[in-house]
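Below: one structure, written as structure tokens.
As the structure is a prediction and not an experimental result, all values here were calculated from the model. Counting from 1, the numbers follow the sequence of the chain as shown.
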Amino acid sequence: MNKYILKIEGMMCGHCEAHMNDAIRNHFSVEKVTSSHSKKECVIIAQELDEEKLKKVVADTGYELISISSEPYKKKGLFSKLMK
């Protein structure tokens, strides 16, 4: 599992966040996606994402993708310590 952090220019409100989340969910198989217009970012938890396709999806929604970074993601929760 990977955590992808997208820096996005152009989101102005909660509707923009929902629009971005829906676009990501419609084009990729993701575990979780959250967007924040105030932070100007979208965080995606997924196995693997095609970055070129991701750039196109963001551009097609009308926003500008500034950067993409990724890091390994380990699920945290009540039983995560027992799963070792």
Side-chain angles (χ1 to χ4, degrees):
M1 209 46 88
N2 292 309
K3 177 180 179 179
Y4 296 88
I5 300 142
L6 286 58
K7 292 295 181 183
I8 298 173
E9 216 35 75
M11 292 189 296
M12 301 293 192
C13 63
H15 291 287
C16 296
E17 295 169 356
H19 188 225
M20 178 56 62
N21 293 345
D22 289 344
I24 298 295
R25 284 188 195 104
N26 289 336
H27 290 88
F28 300 97
S29 175
V30 298
E31 189 77 23
K32 182 177 179 181
V33 58
T34 56
S35 297
S36 170
H37 71 280
S38 59
K39 292 181 182 179
K40 298 182 179 185
E41 72 178 17
C42 178
V43 178
I44 305 166
I45 308 298
Q47 286 292 346
E48 188 80 23
L49 292 179
D50 178 0
E51 290 189 13
E52 289 303 314
K53 184 177 178 184
L54 195 55
K55 289 176 187 177
K56 182 178 180 343
V57 168
V58 173
D60 288 348
T61 58
Y63 307 115
E64 182 182 357
L65 180 60
I66 305 299
S67 67
I68 302 172
S69 62
S70 66
E71 59 190 47
Y73 175 78
K74 185 167 181 168
K75 189 172 183 176
K76 298 174 187 168
L78 181 61
F79 297 106
S80 65
K81 293 185 187 245
L82 299 173
M83 304 287 261
K84 288 183 179 180

List in chain and number order the residues that pass side chain to side chain donor-acceptor pair (under 3.5 Å) with N26, two or more places apart in sequence or in another chain; answer none if no residue qualifies.
-> none
State, to 0.1 Å, how close N2 and P72 come at their nearest heavy-atom pair, and which atoms those are.
-> OD1-CA, 3.9 Å
Quick one: name the residues clustered hydrophobically with Y63, using the 4.5 Å side-chain heavy-atom rule over I, L, V, M, F, W, Y, and just say none if it's on its own.
-> Y4, L6, I8, M11, M20, I24, F28, V30, V33, I44, L49, L54, V57, V58, L65, I68
Residues in side-chain contact (heavy atoms from CB on, under 4.5 Å) with E31, at least two apart?
-> M1, I45
Quick one: salt bridge (Lys or Arg N to Asp or Glu O under 4.0 Å) partners of K55, sequence neighbours excluded?
-> E52
Ignoring hydrogens and geometry, is there a side-chain-to-backbone donor-acceptor pair from E71 to K3 under 3.5 Å?
-> no
Could you grab the distance from atom OG1 of T61 to atom NE2 of H27, nearest 0.5 Å is fine?
-> 9.5 Å
What residues, two or more places apart in sequence or in another chain, satisfy side-chain contact (heavy atoms from CB on, under 4.5 Å) together with K39?
-> S36, E41
Side chain to side chain donor-acceptor pair (under 3.5 Å) filter on K40, not counting sequence neighbours, yields E9
Taking all heavy atoms of A46 and all of S29, pick out the closest pair and write down the distance.
-> CB-O, 3.9 Å
